[in-house]
Amino acid sequence: MNKKIIALFCVVILMVSVFAACSKTKLYTATINGVERPVVTNEDGELVTNADGEVAVYVTNAKGELVTADDGTPNVNYVTNNSMLVHPNGTITYEIFTYPVIEGWSVSDKNGRIDKDGTELKCYIVAGYAATATEENSFNAIMDNVIVQNRTIVDKINGGYGKDQGFDKAEMNTEEIEFAGYEAMHMSYTFYDADGKVVHHAENIYFVIPDGTVYGVDYACQDGVGYDKNFNFLEWAQNNVTVKLPTKK
């Protein structure tokens with residue numbers, strides 16, 4: 001295979017290229033902790049990881065050729081991933097989350113964030129650590145505190161505060177749900193101007209895992225940019241976001 005073609009693939013497509021030295025086997029590469037490596041993928045095009053979340057990579061020699069066992073099977077090592085992974089099939093993994101990049105959205109950050117195209121980064125979805133619950137400050141207590149703070153803002157807007165900034169009315173909804181098998185809370189906030197146009201929309205899904213760590217999956221349309229009333233964020237998250245906890249050592 002022409003080396004110039006391989007170089008072009010590496011530049012244009014961040015993680016997909018074909019190794020010329022791998023015979024008839026098609027391999028993909030992914031950037032892991034800033035280093036491009038040949039990675040093991042499953043039949044769905046996702047990177048293979050072990051129970052600790054380490055990524056399976058093929059062993060290569062100094063020439064970039066696969067190192068194989070006596071029976072010809074490629075040798076595999078596992079490396080720790082400290083950043084976001086983009087799988088060859090278009091899904092991303094960040095911390096404990098894996099989810100697809102929505103059509104018309106792009107990966108534009110390294111913290112598990114995807115942005116809706118054409119919104120100047122104002123419409124986005126992001127997932128990650130949110131808080132830590134303890135015996136003194138339980139998950140329910142943390143959620144109650146968030147709700148109280150946001151309810152205060154909503155009430156002020158509905159009381160006339162913020163009209164000079166274009167906020168005329170605010171709506172707030174909260175519901176206890178189950179997310180990925182964990183106790184969770186879904187919150188949504190929508191602000192309108194005097195003409196009824198959405199000028200801000202945000203939704204949060206918070207859930208707590210057994211060790212007390214609270215994670216969140218957030219959706220925001222700042223200034224109302226990118227807002228689509230037909231996009232059901234909660235439904236999308238419930239159907240597309242998967243959570244895999246690392247095993248304790």
Heavy atoms from other residues, nucleotides or ligands near CD of E171 exceed 12 (cutoff 6.0 Å): yes
Interatomic distance, E178 atom CD to Q238 atom CD [nearest 0.5 angstrom]: 8.5 Å
Heavy-atom side-chain proximity of Y78 to V55 below 4.5 angstrom: no
Enclosure of E175 CD (heavy-atom neighbours >12, cutoff 6.0 Å): yes
Nearest heavy-atom neighbours spanning I142 and A131: CD1-CB, 4.3 Å
Least distance between heavy atoms, D117 atom then S106 atom: OD1-OG, 2.7 Å
Test log, rule side-chain contact (heavy atoms from CB on, under 4.5 Å), inputs V40 and L47: CA-CA 6 Å; V40 183; L47 303 179; over 6 Å; no
Stepwise side-chain contact (heavy atoms from CB on, under 4.5 Å) test for F191 and V198: CA-CA 6 Å; F191 299 170; V198 174; over 6 Å; no
Aromatic contact, F167 with Y161 (centres under 6.0 Å): no
Side-chain heavy-atom pair D223, H200 within 4.5 angstrom cut-off: no
Residue that, paired with P100, satisfies side-chain contact (heavy atoms from CB on, under 4.5 Å) out of N89, N240, V241, I114: N240
With sequence neighbours excluded, residues passing ring pair (Phe, Tyr, Trp, His ring centres under 6.0 Å) with Y219: H201, F231, F233
D71 and T73: side chain donor to acceptor below 3.5 Å: yes
Steps toward side chain to side chain donor-acceptor pair (under 3.5 Å) verdict (T98, T93): CA-CA 4 Å; T98 297; T93 293; 2.8 Å; yes
Close side-chain approach of Y206 to M187, heavy-atom, < 4.5 Å: yes
Interatomic distance, T152 atom OG1 to M172 atom CE [nearest 0.5 angstrom]: 9.0 Å
Transitive ILVMFWY side-chain link W236 to Y227, under 4.5 Å: no
From T49 atom OG1 to K244 atom NZ, the distance as rounded to the nearest 0.5 Å: 3.5 Å
Sub-4.5 Å side-chain heavy-atom contact between I177 and I205: yes
Minimum side-chain heavy-atom gap T213-Y129 below 4.5 Å: yes
Joint hydrophobic cluster, V39 plus V79, side-chain heavy atoms closer than 4.5 Å: yes
Closest non-hydrogen atom pair, A133 against V208: CB-CG2, 4.5 Å
Side-chain touch K116/L121, heavy atoms, less than 4.5 angstrom: no
Side chains of L245 and V243 in contact at under 4.5 Å (non-hydrogen atoms): yes
Minimum-distance pair of heavy atoms, taken over all atoms of N204 and Y189: OD1-CE1, 3.7 Å
Rounded distance (nearest 0.5 Å) linking atom CG of N145 with atom CG of N137: 7.5 Å
Interatomic spacing from CG in N77 to OH in Y58 - rounded to 0.5 Å: 12.5 Å
In one Ile/Leu/Val/Met/Phe/Trp/Tyr side-chain cluster, 4.5 Å: V126, V225: no
Steps toward side-chain contact (heavy atoms from CB on, under 4.5 Å) verdict (R151, T174): CA-CA 10 Å; R151 172 60 69 185; T174 65; over 6 Å; no
Aromatic plane relationship, F97 with Y215 - under 30° parallel, 30 to 60° tilted, over 60° perpendicular: perpendicular
Any Y94 side-chain heavy atom under 4.5 Å of L85 side chain: no
From I209 atom CD1 to E183 atom CD, the distance as rounded to the nearest 0.5 Å: 13.0 Å
Under 3.5 Å side-chain donor-acceptor pair for T41 and H87: no
Over all atoms of both residues, closest heavy-atom pair of P38 and T60: CG-CG2, 3.8 Å
In one Ile/Leu/Val/Met/Phe/Trp/Tyr side-chain cluster, 4.5 Å: L234, M185: no
side-chain contact (heavy atoms from CB on, under 4.5 Å) evaluation trace for I92 with V107: CA-CA 9 Å; I92 65 174; V107 179; 3.8 Å; yes
Closest non-hydrogen atom pair between N75 and A69, with its separation: OD1-N, 3.6 Å
